[in-house]
Peer 1: 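If you scroll down you'll find the structure; I have some questions about it.
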Number of protein chains: 2
Amino acid sequence: MIKPRSRRGGGRPTIADVARKAGVGAITVSRALREPGRVSEDLRRQIESAVNELGYVPDPNARALASARAEVFGVLVPSLTNNVFAEVVRGIYDSLSDGPFRIQLGNTHYSGLEEERLLQVFGPQRPAALIVAGIDQTPASRKLLETAGCPVVQVMETGLDPVDMMVGFSHFQGGKAAAEHLIEAGYRRIGFIGARMDPRSQRRLAGYRAAMEAAGLFDPRLTTTTPVPSSVTLGRELFRDALAKVPSLDAVFCNNDDIALGVLFECHRASIAVPKTIGIVGFNDLDMMEVAFPSVTSVRTYRYEIGRRAVAMALAAIEGNRPEQRVVDLGFELKRRESTAR
Amino acid sequence: MIKPRSRRGGGRPTIADVARKAGVGAITVSRALREPGRVSEDLRRQIESAVNELGYVPDPNARALASARAEVFGVLVPSLTNNVFAEVVRGIYDSLSDGPFRIQLGNTHYSGLEEERLLQVFGPQRPAALIVAGIDQTPASRKLLETAGCPVVQVMETGLDPVDMMVGFSHFQGGKAAAEHLIEAGYRRIGFIGARMDPRSQRRLAGYRAAMEAAGLFDPRLTTTTPVPSSVTLGRELFRDALAKVPSLDAVFCNNDDIALGVLFECHRASIAVPKTIGIVGFNDLDMMEVAFPSVTSVRTYRYEIGRRAVAMALAAIEGNRPEQRVVDLGFELKRRESTAR
DNA sequence: ATGAAAAGTGGTAGCGCTACCATGACGTTA
DNA sequence: TAACGTCATGGTAGCGCTACCACTTTTCAT
């Protein structure tokens with residue numbers, strides 16, 4: 001006599017239980033759940049009530065195994081705590097929370113190697129889609145993305161050569177707009193302060209440089225950067241360094257808002273007038289920039305919207321209608337505020 | 001003739017391929033991967049090289065189905081963007097990234113109902129452990145946690161009645177310490193400003209109240225709260241409200257650092273001297289509080305450490321040795337800074 | 001030397017679900 | 001009326017892995 005393996009599932013109802021209760025075949029239950037339109041009204045109702053009575057919830061693992069496709073979105077970001085990426089993840093999460101898809105989060109710690117490793121781990125899971133931050137994947141990562149067999153969305157930036165799809169904006173243009181604004185406001189010795197110079201920061205710097213060179217104002221001594229992770233504390237220190245190096249500094253374009261905030265606080269502490277003596281521009285436009293005193297000019301980026309749009313595009317691609325526009329530029333907006341109003 | 005279903009997996013090697021190549025049974029490969037100690041040195045080496053040659057990576061879905069246990073940690077937090085929870089998640093992530101465990105993230109949006117829904121969705125996945133923020137689960141959620149059949153760690157707070165394990169600290173004591181510090185510093189009309197009054201904030205408020213009552217200083221008019229989500233902007237507005245209500249206000253204990261920052265900026269804007277005219281205390285001690293000008297006194301909490309410890313406890317429980325100490329209090333530290341130094 | 005336990009290995013039978021094909025009941029067209 | 005499609009449903013055979021047992025070989029105490 002064959003003893004069935006003691007229901008390892010702890011007695012959770014299976015699709016067979018539902019089928020028995022509803023008096024139909026298991027496959028019909030499966031269909032009723034996934035494509036209700038293909039099952040007759042009658043059976044659908046019977047199945048629904050059986051599902052409710054038993055409290056049946058499909059086992060995602062069995063489903064993934066049988067269909068060779070997990071209802072999972074793989075999401076790779078360089079940091080979990082950086083508010084910018086947290087907002088992207090929130091956008092992804094909110095767009096996914098109605099549907100059946102789960103999120104599998106990966107933190108690359110700004111490392112291409114770690115990204116490769118994570119992609120390797122994600123692969124066997126057969127995710128329904130992959131969303132990765134950035135466009136500077138290593139060749140190996142790129143190959144993994146190309147052969148993943150699912151929609152891929154690169155987010156945060158736009159570029160010319162998407163693996164599949166892209167949603168973001170031009171960091172170069174953002175940096176350029178920031179610098180041009182400072183130039184237009186009458187500042188001349190405009191510094192660039194940046195921490196954790198990832199590829200996006202590099203492109204902001206390039207944009208700054210382009211604007212400065214166009215105005216004949218570029219001077220390499222005006223640039224102060226470090227590979228160290230960004231923080232408000234670091235912003236303050238870098239600003240001190242910059243000022244020591246170039247006492248004539250009259251404005252700074254900061255890599256991001258944390259750095260800008262550090263600069264602002266240091267100005268307060270050292271009684272440096274903002275925007276009179278020093279103009280400040282940040283990047284990303286966190287909530288607090290508007291409330292700061294003086295309020296800080298910043299380049300507004302649409303992180304949450306990027307997350308949402310990435311999911312929308314991936315979902316469309318899963319349904320078979322890949323958007324004809326593979327690269328979506330959500331742009332940015334320079335928010336002019338008191339810190340540069342002189 | 002039976003045609004095998006066209007390798008849906010896209011031709012990825014399976015455990016059978018490895019077994020064939022190594023000249024052993026599939027089950028031995030499985031064992032070599034999961035419990036290397038139970039396989040002889042020789043076979044282990046052969047299997048390892050077969051694995052490397054083929055680039056074999058086990059399918060987590062098949063594994064989960066067969067073993068009725070997914071290598072997944074379910075993590076429920078009320079917010080993805082609130083830095084406090086982002087740090088907890090980071091701690092969890094970092095502690096898990098060496099091992100085989102993935103993270104399944106759930107955002108409850110501070111809603112008990114949403115928490116219930118998520119727990120319902122997580123259940124069928126048979127997670128290896130569940131980490132949930134807070135100790136105020138609904139009765140239904142509590143039951144779901146109790147019957148989840150895996151280790152459960154409640155984080156961020158400590159309480160008397162853990163579902164299984166707990167890591168956190170006492171928000172009541174934190175609030176009390178903050179208020180006592182202000183009283184000791186000589187402030188008398190000490191307000192409480194709070195947004196999004198979740199249970200943790202309520203307990204901080206209770207701690208504040210206890211300290212104020214003990215000193216004979218409590219006055220309900222000193223408390224200004226709102227259920228609206230917290231932000232720096234909101235901090236500024238609530239502070240204005242509080243000041244309009246009680247012009248004699250001489251200090252505020254803020255629900256969290258965002259609010260405190262809003263207060264600080266408003267003080268700058270309205271030329272209110274800090275700490276002379278108004279003392280400010282925040283909660284959580286974000287990086288920037290130390291750099292702010294004036295630097296802001298805050299209650300330091302160990303979010304990252306909470307995440308790490310939660311994982312350590314869960315992992316131990318999975319291994320079968322549940323720590324004898326079910327409730328771990330990681331405490332807090334009041335960081336005294338310029339904003340209350342008068 | 002002998003029995004018994006321990007260690008190492010493999011076969012079989014699922015885990016819960018869905019892809020694939022088969023079936024039968026209906027139209028629908030020529 | 002025959003031939004053919006379409007629709008609704010079900011049966012069967014796996015997806016890739018591991019639990020459970022069985023079997024052999026080794027080790028060890030007596």
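First the proteins, then the strands, lettered A, B, ... as listed; each starts at 1.
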Peer 1: Calculate the interatomic distance between Gln125(A) atom CD and dC17(D) atom P; express it in whole Å.
Peer 2: 13 Å
Peer 1: Whole Å only: how far is the CG atom of Leu33(B) from the P atom of dG16(D)?
Peer 2: 16 Å
Peer 1: I'd like to know if the side chain of Ser49(B) reaches the main chain of Gln46(B), judged simply by a donor and an acceptor atom lying under 3.5 Å from each other, with no hydrogens or angles considered.
Peer 2: yes
Peer 1: Mind calculating the distance between CD1 (Ile15(B)) and C1' (dG16(D)) to the nearest angstrom?
Peer 2: 8 Å
Peer 1: Send over the distance from Arg126(B) CZ to dC17(C) P, rounded to a whole Å.
Peer 2: 10 Å
Peer 1: Would you sort out whether Glu48(B) and Arg45(B) count as a salt bridge (charged side-chain N to carboxylate O under 4.0 Å, His left out), showing the intermediate values?
Peer 2: CA-CA 5 Å; Glu48(B) 253 168 47; Arg45(B) 254 201 300 275; over 6 Å; no
Peer 1: What do you reckon, is CZ of Arg309(B) surrounded by more than 12 foreign heavy atoms closer than 6.0 Å?
Peer 2: no
Peer 1: In Å, rounded to the nearest 0.5 Å, how long is the span from CG of Leu315(B) to CG of Asn321(B)?
Peer 2: 10.0 Å
Peer 1: Whole Å only: how far is the CG atom of Asp59(A) from the C1' atom of dG16(C)?
Peer 2: 6 Å
Peer 1: Does a nitrogen or oxygen in the side chain of Arg12(B) sit under 4.0 Å from OP1 or OP2 of dC17(D)?
Peer 2: no
Peer 1: Could you check how far CD of Glu35(B) sits from C1' of dA7(C), rounded to whole Å?
Peer 2: 13 Å
Peer 1: Dump the pairs, protein N or O against N or O of nucleotides 5-12 of chain D, anything under 3.5 Å, distances to one decimal.
Peer 2:
from	atom 1	to	atom 2	distance (Å)
dT9(D)	OP1	Ser40(A)	OG	2.8
dT9(D)	OP2	Ser40(A)	N	2.7
dT9(D)	OP2	Ser40(A)	OG	3.3
dG10(D)	OP1	Gly25(A)	N	3.4
dG10(D)	OP2	Gly25(A)	N	2.9
dG10(D)	OP2	Thr28(A)	OG1	2.3
dG10(D)	N7	Arg31(A)	NH2	2.9

Peer 1: Let me know the distance between CZ of Arg69(A) and C1' of dA19(C), rounded to the nearest Å.
Peer 2: 14 Å
Peer 1: Say you draw a straight line from CG of Leu76(B) to CG of Leu105(B); how long is it, rounded to the nearest 0.5 Å?
Peer 2: 8.5 Å
Peer 1: For Glu71(B) and dC17(D), what is the distance between atoms CD and C1' respectively, to the nearest whole Å?
Peer 2: 12 Å
Peer 1: Out of curiosity, Phe122(B) CZ to Leu130(B) CG, how far, rounded to the nearest 0.5 Å?
Peer 2: 7.5 Å
Peer 1: Arg34(A) side chain: which of dA19(C), dT18(D), dG16(C) is closest?
Peer 2: dA19(C)
